[in-house]
Amino acid sequence: MTIQEAEKKVQELTAALEKANYEYYVLDNPTLSDAEFDRLMNELIMIEKEFPLLKKKNSPTQRVGGQVASEFKKIPHKRLMLSLGNIYNEDEARHWDESIRNSLKAEENVTYMGEMKIDGLGMSLIYDHGELQYCVTRGDGIMGEDVTQNVITIPSIPLHVKEKRPFEVRGEVYMPKSSLERLNAERKDRGEPLFANARNAAAGSIRQLDSKIAASRGLNAFWYYLVNAEELGIHEHDKALAYLDELGFRTNHERRLLHNAKEIVDYINEYAEKRPTLDYDIDGLVFKVNDIRDYDVLGYTAKTPKWATAYKFPPAEVETQLLDIVLTVGRTGRITPNAVLSPVRVQGSTVQRATLNNEDFIKEKGLMIGDIVSLRKAADVIPEVVKPIVSRRTGNEIPFVMPTVCPDCGQELTKVQGLHYCLNPECPSRKIEGMIHYASRDAMDIDGMGCSVVEELFNAGFMPDIPGIYHVADHAEEIKALDGWSDKSMNSLLDAIEESKKKSLERLLFGLGIKEIGLKTARTLCKYWKHMSDYFDLTVEDYMKVQDLGPVGSQSLYGFFHKESNIAMIKALMDEGVNMDYLGQDTIDVNSFFYGKTIVLTGTLTRYSREEMTEILEGIGAKCSGSVSKKTDLVIAGPGAGSKLEKANALGIQVIDEEEALSHLNKIGQ
């Protein structure tokens, strides 16, 4: 066989195999027998072995897995993967519909799309020139992980499509209930731990470094959002989903167009009953405004789009016994009471503990040690004690009395606004929690340094504080002598510790555990002050200039950077070679044209998408809004601008085009 003949045969086999996969996994209507499918696949494998240059990254042969990765590469999302806001009952559903109609000034009903909220792993697929380019997890919504080699093992996902323009499609990778049952039966036979639920099994499968393992797990996927539909000339969400069907994607056909609040409520009630009959887990339903052109009008909060919401099913309640109430100490010194429960299975996992928040929470609930209590998972995730079953009391129950001293260091507790704190900076529990936070994924991301490892190394005296993390190598031989450690696990941990030294300043600021300072605020701070040394001389008034920081956060920052022990810790980290600089590109220039302005984008932008331009503007100190009002300072208008531009002109608001906006952006930092 010549290479030309082989290339033609590869194209024929690829087309036949992809058609068979689509018919079997998407249409559920196979026309090719298993034996014939295997024959075609084996023929393609043999040709690719004989002619390696003909083996493509998106060949059907890659679906069987076999590639082993050393790690997952981080990839930034082209557009943020936002979370959804939640509604929990029929009244909230009606209120959401009312708020949408008011925002759109709709004289008639608004059309929505109702969809299943699949309990799986959020995923984004990027296509260009008709081929799948890569697959990335949701991650933190800003940055995800490249899991392409694992995701392409899912047979229902098209590797080639007829659409040649670039596009992004988002959805959910999940494990069907039937696959979970099979997998757990196999694991039970091998004496391996069982997966608690389908979501955990799906997430664990996608994050396997060996793609052959992912291929064996029986995963599937539903795709529910064509991100750049308007760029493809599609302006309604239902038509975008229909186009995904046409391209060969597996969409969920339990979806339905809804036209008012009553239809939304009816859809909720219908699927509350149908939920157990589905071969996949859903933890709710999703409602989206169907007209994509309304999305920019409705706008976004910092974390969620206003044009969509998720209805969360009421959590199932079970009964169990409250055996004890114990205290834990957080990194800030906050004391939290926790319920110790007789083990009980709730929505797919066994629960033995639940937080009780604070002393007042226990009193308000009327809880006593020994009570039979009602338990549920709040938002289907967090175990929550609902109430005691008073009718089942025997008289042997014991009232809870809040201790007056720290359970770990014995220092007297301080009560502030209903919360108890241990103020001893040397408290072992505070130190352990602080190191766990420092090593966490959103902070310094030290893989392998989870709760149990931090606790073990601290208690053994090998890691007394945060700077001590960078001296773990000095104790490597002693640590390897402990149970569960090996050369491989030790070397992996040391590599992760060394890699953490390169993290950008915002990760370090967040990792230091400064009260009131989350990762988003840390990123904002770094756009103002890019070097750690800058923070030592700042005043409360300086911090107050930062948008949305406020007096409490400002005072917290000032206090942290004027405490000698914290300065000593930071200098110790400097000595260990930990990066102290912001590695991002955003710059806050208080004298820039955009700083502090409320801006509305309208019409078609050519250089950046609206989402990208919004991120750029907010990154340099502006605020973006979805609608024009008297509070609007500036409108950036592209071709096709309509009612927003008319309203801006009527209100006398300044309007510029994209070219002028880019000109102002280019001047920042000059």
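At least one side-chain heavy atom of Val147 sits under 4.5 Å from a side-chain heavy atom of Met123. Residues Lys306 and Ser103 fail the side-chain proximity criterion, which asks for heavy atoms closer than 4.5 Å. Between Arg353 and Val340 there is a side-chain heavy-atom pair separated by less than 4.5 Å. You'll find the side chain of Leu356 stays beyond 4.5 Å of the side chain of Asn338, heavy atoms only. Contact of the Arg138 side chain with the Ser83 side chain is registered, since non-hydrogen atoms from C-beta on lie closer than 4.5 Å. At a threshold of 4.5 Å between non-hydrogen side-chain atoms, the residues Val151 and Leu125 count as touching. In this structure, Asp294 and Trp307 have side chains that are not in contact, with every pair of non-hydrogen atoms separated by 4.5 Å or more. Between His259 and Thr111 the shortest side-chain heavy-atom distance falls below 4.5 Å.
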Arg523 vs Ile142, test: side chain to side chain contact (heavy atoms under 4.5 Å, CB included). Steps then yes/no. CA-CA 12 Å; Arg523 284 197 186 104; Ile142 299 170; 3.3 Å; yes
Please lay out, stage by stage, how Leu241 and Met113 fare under the test side chain to side chain contact (heavy atoms under 4.5 Å, CB included). CA-CA 10 Å; Leu241 292 176; Met113 176 64 77; 4.3 Å; yes
Please evaluate residues Glu246 and Lys162 with respect to the criterion salt bridge (charged side-chain N to carboxylate O under 4.0 Å, His left out), reporting the C-alpha separation (whole Å), side-chain torsions for both, the decisive distance (0.1 Å), and the verdict. CA-CA 9 Å; Glu246 187 182 329; Lys162 67 179 182 180; 2.4 Å; yes
Given Ile372 and Gln321, is the side chain to side chain contact (heavy atoms under 4.5 Å, CB included) satisfied, shown in steps? CA-CA 4 Å; Ile372 301 299; Gln321 188 170 25; 3.9 Å; yes
Between Tyr311 and Ile264, does the side chain to side chain contact (heavy atoms under 4.5 Å, CB included) criterion hold? Intermediate values first, please. CA-CA 10 Å; Tyr311 169 79; Ile264 290 175; over 6 Å; no
Could you walk me through whether Arg293 and Asp291 satisfy the salt bridge (charged side-chain N to carboxylate O under 4.0 Å, His left out) test, starting with their C-alpha distance in whole Å, then the side-chain angles of each, then the deciding distance to 0.1 Å, before giving a yes or no? CA-CA 5 Å; Arg293 289 164 292 196; Asp291 194 328; 3.0 Å; yes
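A distance of 13.0 Å separates CD in Glu92 from NZ in Lys312, rounded to the nearest 0.5 Å. In this structure, NZ on Lys164 lies 10.5 Å from CG on Asp128, to the nearest 0.5 angstrom. Between the CG atom in Asp442 and the CG atom in Leu519 there is a gap of 5.5 Å [rounded to 0.5 Å]. Here the straight-line distance linking atom CD of Glu384 with atom OG1 of Thr355 works out to 10.0 Å at 0.5 Å rounding. Atom-to-atom distance recorded for His437:NE2 and Phe510:CZ is 4.0 Å, nearest 0.5 angstrom. Rounding to the nearest 0.5 angstrom, the gap separating the OH atom in Tyr300 from the OH atom in Tyr295 is 8.5 Å.
For Lys74, the NZ atom is densely surrounded, since the number of other residues' heavy atoms within 6.0 Å is greater than 12. Crowding of Lys177 atom NZ: a count of heavy atoms from other residues, nucleotides or ligands under 6.0 Å exceeding 12. Within 6.0 Å of NZ in Lys274 there are more than 12 heavy atoms belonging to other residues, nucleotides or ligands. Other residues, nucleotides and ligands place no more than 12 heavy atoms under 6.0 Å from the NE2 atom of His95. For Asp447, the CG atom sits in a loose shell: 12 or fewer heavy atoms of surrounding residues, nucleotides or ligands are nearer than 6.0 Å. Counted within 6.0 Å of NE2 on His129, heavy atoms from surrounding residues, nucleotides or ligands total 12 or fewer; the atom is thus considered open. The local environment of NZ in Lys262 is sparse, with at most 12 non-hydrogen atoms from other residues, nucleotides or ligands closer than 6.0 Å.
Between Leu180 and Ala201, the closest heavy-atom pair is CD1-CB, 4.0 Å. For Ser627 against Val600, the heavy-atom pair with the smallest separation is O-CG2, 3.4 Å. The two residues Val386 and Lys365 have their closest heavy-atom pair at O-NZ, 2.9 Å. Scanning all heavy atoms of the two residues, the minimum distance from Ser211 to Thr153 falls at O-CG2, 3.8 Å. Minimum heavy-atom separation, Asn150 to Gln208: ND2-O, 2.7 Å. In plain terms, the two heavy atoms of Met175 and Ala198 that are nearest each other are O-CB, 3.4 Å.
A salt bridge is defined here as a Lys NZ or Arg NE, NH1 or NH2 lying under 4.0 Å from an Asp or Glu carboxylate O, and Arg94 with Asp97 fails to meet this definition. In summary, Glu231 and Arg79 engage in a salt bridge, as defined by a charged side-chain N under 4.0 Å from a carboxylate O. The existence of a salt bridge linking Glu115 and Arg255 is excluded, since no basic side-chain nitrogen approaches an acidic carboxylate oxygen closer than 4.0 Å.
No hydrogens or angles considered: a donor-acceptor pair under 3.5 Å links the side chains of Arg217 and Ser205. The closest side-chain donor-acceptor pair between Tyr280 and Asn252 falls under 3.5 angstrom. If you check the side chains of Thr148 and Asp146, you find a donor sitting under 3.5 Å from an acceptor.
Figure legend: Arg207 and Phe72 shown without cation-pi pairing, the cationic atom not lying both under 6.0 angstrom from the six-membered ring centre and within 45 degrees of its axis. Cation-pi contact between Arg199 and Tyr174: absent, since separation from the ring centre below 6.0 Å together with deviation from the ring axis within 45° is not met.
His237 places no side-chain N or O within donor-acceptor distance of the main-chain N or O of Tyr225, the cut-off being under 3.5 Å. Looking only at distances, no side-chain donor or acceptor of Thr336 sits under 3.5 Å from a matching main-chain atom of Thr328. Counting only distance, with no hydrogens or angles, the side chain of Ser179 and the backbone of Leu219 share no donor-acceptor pair below 3.5 Å. Side chain of Gln133 to backbone of Glu131: a donor-acceptor contact under 3.5 angstrom is found. Under a 3.5 Å cut-off, the side chain of Arg250 and the backbone N or O of Ala221 do form a donor-acceptor pair.
Ring geometry, Tyr112 versus Trp96: the interplanar angle falls from 30° to 60°, so the pair is classed tilted. Between Phe287 and Tyr267, the ring planes lie perpendicular to each other; the angle is over 60°, past the 30° to 60° tilted range.
With Phe249 as reference, Tyr127 is the one residue of Tyr127, Tyr224, Tyr243, Phe222 to meet the ring-ring contact (aromatic ring centres under 6.0 Å, His included) rule. For the side chain to side chain contact (heavy atoms under 4.5 Å, CB included) with Val318, the qualifying choice from Val351, Val373, Leu375 is Leu375, the only one to do so.
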